[in-house]
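Note that this is a predicted model, so its numbers are computed, not measured. We use all heavy atoms of the structure for the numbers below, so side chains are in, but hydrogens, waters and symmetry mates are not.
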Amino acid sequence: MNSKTNRANHIILRVEGLKKYFPVRRGFFQKIAAWNKAVDGVSFEIQQGKTLGLVGESGCGKTTVARLILKLLESDAGKIVFRGTDISKLAENDMKLYRKDMQIVFQDPYGSLNPRMTVGLSIEEGLRILGIKNAPKRKERLEKLLQMVGMSPESADRYPHEFSGGQRQRIGIARALSVEPLLIICDEPVSALDVSIQAQIINLLKDLQDRLGLSYLFISHDLNVVGYLCNTIAVMYKGCIMEFAPAEQLFENPRHPYTISLLAAIPDPEPGNTPDLHLPERDLPDSSIPIFGCSFQGRCTLEETRCREERTTLAQVGEEHFVRCWKAAQNKIPKVS
Amino acid sequence: MTNIQAKEFNQNFQFDQPLAPKRTRWEEFWLLFRQNRLAILGLFIFILFFLSALIGLFLTSGTNPVFDPALIRLQEKLRPPLAEPHLDSLQPEEVPRLDIYLMGTDDLGRDVFARMLQGAWVSLTVGFVAVGISVLIGIFMGGIAGYFGQHMLINTISVDTLIMRIVDIMLCFPSFFLILTVVALLPASIYNIMIVIGLTSWMGTTRFVRAEFLSLREQDFVAAAKALGVSNFRIIFRHIMPNAIAPVLVSATIGIASAILTEAGLSFLGFGVPPPHATWGNILSNGKNFIFDAPWLTFIPGIAILIVVLSFNLFGEGLRDVLNPKLRERG
């Protein structure tokens, strides 16, 4: 146990300046007209056994970050340091070594399981990767995995269409666990589920973390869920991290105007309390149109000329609390009560 | 390092919700398929055809076949169907089995029933082998184009572009005339015809498979398999292919019908299987000279081709309806 607490301080994943630009092609010859900066210089760290929450609205690049880390997409720039090795430039063959240490749980429980494979076969793919050649042993392991996620062992020879969304999500988690990973990237694992089922899956994830010492990168747009599950939270907007802070601190003392408006948007269970949105009712501006300065411009209520003229940097405003806003760094954001 | 220990740990969770009653895909498939009467009829005729071709092969081949399709009885030429043989003018070994010309005789006095039986086997093998060849090529080419399509070969030409342009070029030729040309150059044999039909009909399958691969490749379960570290080969054949096979199956069924038609057309034009081997096409072709004196010589093989091709098409369309997931949800 001692070694475990020692390792707890270790950083399992460090991402530095990660970038991914998608070309926007137009016209008859499909010329590249602009670049959509899906991920534009994202950096963060995840500590062993801890959970980092990545929050942001739809289209801000959260899922792209997940796919970049897993190398399902090639990054354009930046480092992905996993357990001390930069995997961002590794060829697929060398990547094989690290594949099983990082797994993903998907948002859509319907698309994430192969409809033509029984649940058992889907999970056994991982056990094969792990090198368990002996069929009875694989079977035994498979049953254990199913029990771990709260499914009965009989579900192994059934097809995904026979299960509900929550059950499928459990199967997806069992598949991710099959290769005994150290880090699981949860890409909005509960946002497609019922509220009651959401709680079950979140508790399952939490329990698995306690038992197996897993680290999570938990991607969500639901701040309540993230606040419950995560140790640190990164708030993302248009491909950049706007604020990075320990969970309690972010909820108690949000600094960035975007974070403030996100927190204000959490529905209040008290009737009559209408949320103060702080946001003009505008859609996310097209990120393929290049802008200079703060990427939040156009939606920020506290915008000034300096925001459009100066590049933003992540400034430290507290212990492990960073914010990408010069006003917040100078404490010029009016407090909301 | 993460030693998974399930035992101490599963009491936390209740196994939620009882599982739905188990029903395999085949059972579900059959339940839906049963509702389509025409498709069932097609399947029934298909099985009948298959069995008669198989039995026909045994009854008409060998040194002393039960039904001899090549036995010439000039004194008995152009007898109508169900005619009794003139026993006085025949040698004992020339007397037809069953003592009746079930489908009449042709201009050389050969038993049309025996010839039809022999021809059924030709049609069946040509249909299956030619489609088998075209499906194999189609899956291979379509799979590569769909899965590895983004890889660049030279500068701007990707694998996908290369394969799909080959398909376009192949589609530019009117395929029947292409087959005619090739068959005219090659020695006439049943195997050459199968191969040529197969090699000129894979383009449709390639397009189907490519389209399926393109959409399946982006699915989460494929991403999950990649994240697990499953090899490309296994992803293609174990994860994607079973999901892409349904439309291929449908087009193959309909493809068999068109291969049978093509073979019959070639034989009719005299480019097909060489005589004395009987095929439905060359029975038809011989019969056209006697269409007013002996109409059964054209009508019997013609109607047989019609029924078999129709049954394959009905079966194929029934299959398509059942395998269509949108209809499945409704069922």
| remark: Okay, B:R238 and chain A: the region with an atom under 4.5 Å from a heavy atom over there is both
| remark: To the nearest 0.5 Å, atom CZ of A:R116 lies from atom CD1 of B:I245 at 9.5 Å
| task | Please round to the nearest 0.5 Å and tell me the distance separating atom OG of B:S231 and atom CG of A:N93. | result |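 Result: 11.0 Å between the selected atoms.
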Sort [X] into side chain, backbone, both or neither according to what part of it lies under 4.5 angstrom from a heavy atom of chain B.
X	result
A:L113	backbone
A:R175	both
A:M95	neither
A:L121	side chain

| task | Apply side-chain contact (heavy atoms from CB on, under 4.5 Å) to A:T51 and list each qualifying residue two or more places apart in sequence or on a separate chain. | result |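 Counting only residues at least two positions away or on another chain, A:T51 forms a side-chain contact (heavy atoms from CB on, under 4.5 Å) with A:Q209, A:Y216, A:F218, A:C230, A:N231.
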Is it true that atom [atom1] of [X] has more than 12 heavy atoms of other residues, nucleotides or ligands lying nearer than 6.0 Å?
X	atom1	answer
B:F148	CZ	yes
A:K137	NZ	no
A:K133	NZ	no
A:K71	NZ	yes

| message | Using only non-hydrogen atoms and a strict under-4.5 angstrom cutoff, which residues of residues 209-228 of chain B touch chain A? | response | B:Q219, B:D220, B:F221, B:A223, B:A224, B:K226, B:A227, B:L228
